[in-house]
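Residue numbers begin at 1 in each chain, while the letters A, B, ... track the order of the sequences. Values below: every heavy atom of this structure, side chains too, minus hydrogens, waters and symmetry copies. Quick caveat: nothing in here was measured; it's all calculated off a predicted structure.
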Amino acid sequence: MSFWEYANPLKFLKLSGTLIPYFSILATITIIAGLSWGFFFTPDDYKQGATVKILYVHVPSAFVAINAWFMMLVASIIWLVRRHHVSALAAKAAAPIGIAMTIIGLVTGALWGQPMWGTWWEWDPKLTSFLILFLFYLGYIVLWAAVEDPDTAADLTSVLCIVGSVFAVLSRYATVFWNQGLHQDASLSIDKEEHVADVFYYPLIVVMAGFVLLFIALVLLNTRSEIMKRRAGAIMARSRV
Amino acid sequence: MIALIFRDLRIAVRAGGGFGLSLAFFFIIVIFFPFAIGPDLHLLSKVAPGTLWVGALLACLLSLERIFALDFEDGTLDLMVTSPLPLEGVVISKAIVHWLTTGLPLVFLTPFLGVLLGLQNSNVIFLIISLIFGTPALSIIGTFGAALTAGMKRGGLLLSILVLPLYIPTLIFGAEAARRGIQGFETQTSILLLSGVTLLSWAILPFAAASVLRINLR
Amino acid sequence: MIALIFRDLRIAVRAGGGFGLSLAFFFIIVIFFPFAIGPDLHLLSKVAPGTLWVGALLACLLSLERIFALDFEDGTLDLMVTSPLPLEGVVISKAIVHWLTTGLPLVFLTPFLGVLLGLQNSNVIFLIISLIFGTPALSIIGTFGAALTAGMKRGGLLLSILVLPLYIPTLIFGAEAARRGIQGFETQTSILLLSGVTLLSWAILPFAAASVLRINLR
Amino acid sequence: MAISIESLSVSRGGVNLLQGVDIELENGQAGILRGPNGVGKTTLLRALAGLQPVESGTIKCSLEDICYSGHADGVKPTLTVQENLEFWANIFGSPSIREVAEKFMIIELLNTKVGNLSAGQKRRVGLARLGLTGRQVWLLDEPTVSLDETSVKIFGNIIKDHLSEDGCALIATHIDLGLENSAQIIDLLEFQSNSGDLSSSNEAFL
Amino acid sequence: MAISIESLSVSRGGVNLLQGVDIELENGQAGILRGPNGVGKTTLLRALAGLQPVESGTIKCSLEDICYSGHADGVKPTLTVQENLEFWANIFGSPSIREVAEKFMIIELLNTKVGNLSAGQKRRVGLARLGLTGRQVWLLDEPTVSLDETSVKIFGNIIKDHLSEDGCALIATHIDLGLENSAQIIDLLEFQSNSGDLSSSNEAFL
Ligand code: HEM
Ligand SMILES: Nc1ncnc2c1ncn2[C@@H]1O[C@H](COP(=O)(O)OP(=O)(O)OP(=O)(O)O)[C@@H](O)[C@H]1O
Ligand SMILES: Nc1ncnc2c1ncn2[C@@H]1O[C@H](COP(=O)(O)OP(=O)(O)OP(=O)(O)O)[C@@H](O)[C@H]1O
Ligand SMILES: [Mg+2]
Ligand SMILES: [Mg+2]
């Protein structure tokens with residue numbers, strides 16, 4: 001039995017139906033556990049005070065936002081190469097979640113920036129490329145909404161996603177070149193101690209795992225509803241003839 | 001007229017209708033300025049009111065082309081002229097729909113963009129006020145421009161060139177009002193002048209636009 | 001391909017073809033900034049390179065819609081696809097014509113606008129160089145965007161929203177090159193990076209645009 | 001409601017196309033405009049509908065009674081057939097769409113978006129507007145383009161119904177509508193002006 | 001040059017329109033597609049021209065031999081007739097425009113801007129492109145829309161000439177072209193798929 005069997009919409013509906021409850025429960029548990037650990041059982045930072053706790057929402061949402069785009073890229077390529085409808089719809093389903101996470105990341109970042117840097121916003125490379133990511137999500141979603149025929153829309157958005165990825169990477173380098181900023185460097189790199197202390201680090205890992213689970217659950221859910229919509233459309237088309 | 005307004009609103013929110021797009025365009029074009037000017041927040045906040053006003057103006061401009069051109073191409077305009085609806089009513093309905101779908105939403109986005117450009121929260125209010133009083137003028141002037149170019153295929157660029165000069169008074173008074181407010185001067189005069197421009201435009205341009213439309217249909 | 005280029009150039013210079021309009025738009029939009037920002041020449045000269053770059057970008061943007069939409073509407077594109085001309089060739093011809101009628105003329109106008117914004121004569125050269133290296137990228141990226149929205153009626157606004165994010169690297173490197181040059185820093189790196197973006201775009205986008213066009217015609 | 005035209009002269013693009021056109025239609029009568037491509041059928045109909053100025057001559061018919069239908073259908077591709085018809089019904093203040101939709105055989109298409117219709121189906125929607133206006137004088141410019149044979153016949157019958165209710169119709173068409181026996185055939189070639197005649201606005205420069 | 005289609009199936013907007021279409025045209029033969037509005041004539045022709053994917057079935061005919069002409073004319077309103085034809089002649093590498101222009105009766109219009117032509121004149125310019133391609137298999141979608149009677153006859157003769165030169169043509173039309181005696185009449189109603197058949201992309205969801 002090959003993995004591609006689940007590219008059949010009906011099989012996918014069945015499988016996702018059983019998986020979603022598990023993922024949602026797991027996600028809820030991990031997020032609640034991670035957040036309470038982070039909120040109530042870690043000390044306030046000596047410098048940042050209690051505001052450091054925004055970290056537990058900010059970093060996971062930013063992480064998911066970036067990786068959601070990757071997922072969409074992979075799904076788009078699969079659609080273009082193998083023409084599995086589920087793949088195209090999964091890409092479509094991930095976009096609103098991705099953009100929501102981007103907005104959460106931006107808002108929590110801004111809320112954090114106010115006490116930390118004394119400003120809501122700074123044109124720092126990381127922030128800027130994050131904002132640019134928001135624009136790419138926006139274009140992608142708008143294109144889906146504007147094209148009526150679902151297969152055409154899937155094709156067009158897939159090409160846009162691939163081309164967009166190239167230009168998103170270029171933009172990232174461009175912003176670095178444009179302004180060397182004051183944002184935190186990656187906290188999950190090898191020399192992590194330098195940035196985020198262990199006490200904050202472990203609960204953060206838990207919350208991030210929770211966000212990833214949540215993302216998977218939401219994508220499955222959204223893909224399901226997209227499939228149902230296509231189904232309803234197909235049934236309508238049949239009855240209309 | 002009500003029927004026309006509802007139909008146009010309905011078309012606007014349908015797929016491909018373009019609702020929300022001018023909002024997105026406003027957002028994007030405003031955050032393009034930092035890329036062009038450089039990341040210095042202090043400098044940015046100085047040019048912020050002007051940037052936001054130019055952005056709003058461009059967002060209005062880009063959505064003008066749809067106003068009449070589609071109706072012209074598919075023959076609706078011919079039929080509308082021969083219908084009981086007065087052409088002035090058509091123009092006013094179109095301008096109202098344009099403002100509802102473009103001008104008004106822009107106002108709500110302004111606070112967020114203000115933050116990105118380093119404006120103080122308390123100062124954003126001046127921008128909002130100036131936009132509320134100014135954008136209706138942008139809509140009716142733009143409708144007049146759209147009527148002028150209704151007969152042309154893809155006349156978007158020509159339309160821009162015709163309309164932009166007409167936008168100058170609105171832009172000057174509007175941006176001035178916002179800038180004065182932010183710098184702590186009194187803003188009443190500029191707001192008054194701005195409203196004057198708006199009222200004048202709504203008083204005379206519907207007739208001008210209707211006559212121009214009639215000419216374009218021959 | 002040569003036939004196509006000549007035909008399109010001929011259409012562009014005919015009445016209603018839009019040649020010169022993007023130039024006029026560039027001119028108008030750049031002189032709008034003083035109205036919006038205020039008459040302070042010192043401030044203006046600081047934001048001049050950015051303003052000129054944004055102006056050039058907008059002028060390119062507004063002329064994109066014509067690239068495929070007209071050919072789509074009157075059926076030419078259908079016929080072109082079934083003709084011996086490869087679709088990639090069509091895309092490249094279109095991008096070349098767009099650059100010749102829009103990007104290149106902008107460069108010639110820049111010195112005059114630089115003066116209006118208080119730029120020193122000796123500094124204008126940096127703007128010109130950055131525009132020469134950058135505008136071809138704007139044309140081919142824009143052609144890709146036009147191909148994406150070819151099937152839509154009045155897709156101008158949607159087109160802008162899809163294309164603008166893709167313009168970011170070009171804008172950043174281009175404006176940066178101009179700014180650095182004017183401030184007396186070395187500009188080689190930014191120019192190199194800018195050319196890199198241009199070359200990359202011309203290398204990959206014709207294929208992407210052709211495939212997207214084929215999809216849109218179904 | 002009748003229409004009467006006397007020694008009308010119309011121009012297009014600076015050239016005088018038709019001269020001395022006399023047409024007299026009574027209640028319940030149809031006129032069929034014939035003539036080769038480019039003779040000026042479209043131009044004449046647009047002039048009668050008030051969409052274009054006439055050079056000289058008189059038209060006796062109130063604009064309020066005229067309903068024009070041209071090459072383009074005036075329907076919005078993103079709206080459904082029903083929404084399109086409702087809009088025009090609203091504008092003209094006429095009540096029932098269903099009846100008209102039945103007459104024009106688009107009842108099953110009511111909930112389809114116009115953009116998804118075939119050429120002929122779209123044309124039928126465009127023509128259905130005629131039934132909604134409640135106006136008496138129909139000016140039709142090649143109404144049957146793209147229609148299949150049955151639709152053409154049905155449309156012919158619709159026109160006959162309209163005539164029997166004391167309406168009248170002036171139709172430019174190249175094909176047979178089944179009205180030819182009772183209708184007045186007007187060959188526009190008779191009224192073609194001598195080549196070289198210019199419109200009055202061009203004359204002024206000679 | 002012949003075209004042969006075997007058990008072709010085409011869809012539009014997620015609905016399967018035609019199924020099991022078998023058409024066999026030999027050199028010098030014309031096929032006339034008949035069928036009511038919306039049956040799928042346009043869809044079939046576009047699929048044959050390679051503008052739209054087919055669901056299943058085989059088409060035996062090289063795309064290089066096919067010349068498609070659709071509802072739209074593919075002429076630029078701001079260019080003159082001559083410039084328009086020159087462009088297509090260039091693309092297809094064919095030499096003489098005059099001959100073709102004479103055949104299609106647009107020789108006096110050569111220096112007129114296409115935007116200033118009447119509906120029928122414009123159509124003739126669009127059709128003239130057929131003569132320039134030098135291709136053998138003509139796929140024509142309602143070619144005679146807006147043409148007057150003489151033009152229709154002349155166009156019928158042009159098609160006959162083309163056939164006698166071993167070309168072939170598949171024509172969707174609602175009106176008589178004068179070819180009906182010799183041509184193969186294909187009624188698409190026979191191939192209409194059962195209502196409720198969906199395209200493969202929609203089937204996947206049921
Ligand atoms: C609006 C403002 C902000 C935005 C848009 C933003 C955006 C981002 C992004 C995109 C990431 C990368 C996540 C990843 O690569 O996995 C991130 C991570 C992070 N941000 Fe922010 N941020 C903002 C403000 C702040 C502030 C004020 C702080 C606190 C000083 C902060 C601290 C961090 C930390 C510690 C990380 C984790 C580093 C990592 O995992 O890569 N951020 N933020
Ligand atoms: N874009 C579309 N999306 C969905 N359905 C469509 C679309 N275009 C056409 N259709 C449907 O497909 C069917 C076939 O259309 P097609 O244009 O092929 O018909 P046709 O035989 O050419 O008719 P006509 O004689 O009216 O031109 C019609 O029923 C139409 O409603
Ligand atoms: N915009 C224009 N400018 C100049 N001349 C025009 C214009 N439009 C049409 N003409 C010319 O006016 C003449 C009459 O055109 P009209 O459209 O009235 O013809 P028609 O009788 O409707 O023909 P058809 O049967 O082809 O529709 C034509 O010879 C045409 O070349
Ligand atoms: Mg006509
Ligand atoms: Mg058809």
Side-chain angles (χ1 to χ4, degrees), chain C residues 1-21 63 65-94 96-98 101 147 150-153 210-218, chain E residues 10-14 42-43 45-54 62-80 82-94 113-116 122-123 125-127 129-130 132-135 137-139 141 199 201:
Chain C
M1 247 174 88
I2 305 291
L4 182 55
I5 293 180
F6 274 111
R7 187 201 67 156
D8 281 351
L9 282 176
R10 194 178 271 159
I11 292 177
V13 297
R14 281 289 151 85
F19 179 74
L21 287 185
S63 45
E65 206 192 342
R66 312 183 71 93
I67 295 185
F68 288 118
L70 286 177
D71 277 353
F72 183 88
E73 272 167 25
D74 62 18
T76 309
L77 217 49
D78 278 351
L79 305 179
M80 218 107 87
V81 173
T82 55
S83 82
L85 205 61
L87 209 48
E88 286 77 11
V90 173
V91 170
I92 292 177
S93 315
K94 292 276 179 185
I96 290 176
V97 171
H98 182 260
T101 54
M152 286 153 220
K153 289 229 157 205
S211 73
V212 154
L213 265 186
R214 266 190 213 100
I215 296 166
N216 259 328
L217 283 178
R218 312 205 271 257
Chain E
V10 293
S11 307
R12 190 82 224 255
T42 302
T43 311
L45 289 176
R46 287 181 66 88
L48 294 179
L51 288 168
Q52 205 191 283
V54 299
S62 148
L63 277 182
E64 247 108 81
D65 293 317
I66 283 182
C67 171
Y68 166 82
S69 159
H71 286 299
D73 289 316
V75 288
K76 293 284 154 194
T78 52
L79 297 182
T80 65
Q82 168 133 24
E83 287 165 337
N84 266 298
L85 294 182
E86 260 166 13
F87 168 68
W88 287 113
N90 252 320
I91 294 276
F92 285 96
S94 71
K113 272 212 275 177
V114 168
N116 291 349
K122 184 158 158 257
R123 183 101 270 228
V125 176
L127 292 175
R129 196 183 50 90
L130 292 172
L132 294 172
T133 58
R135 293 188 166 185
V137 183
W138 288 3
L139 304 179
D141 196 0
S199 71
S201 114

Going from CD1 on C/I11 to CZ on E/F87, what distance comes out if it is rounded to the nearest 0.5 angstrom? 8.0 Å
So do the side chains of C/F6 and E/N90 get within less than 4.5 Å of each other, counting heavy atoms only? no
Specify which of E/R135, E/E86, E/E83 makes the most heavy-atom pairs with chain C at under 4.5 Å. E/E83
To the closest 0.5 Å, what do you measure between CG (C/L77) and CG (E/L51)? 9.5 Å
Which distance, rounded to the nearest 0.5 Å, do you find between the CG of E/D73 and the CG of C/D78? 12.0 Å
To the nearest 0.5 Å, atom CG of C/L79 lies from atom OG1 of E/T133 at 10.5 Å
Could you measure the distance from the CD1 atom of E/I91 to the CG atom of C/L4? Nearest 0.5 Å is fine. 5.5 Å
To the nearest 0.5 Å, what is the distance between NZ (E/K76) and CG (C/D71)? 3.5 Å
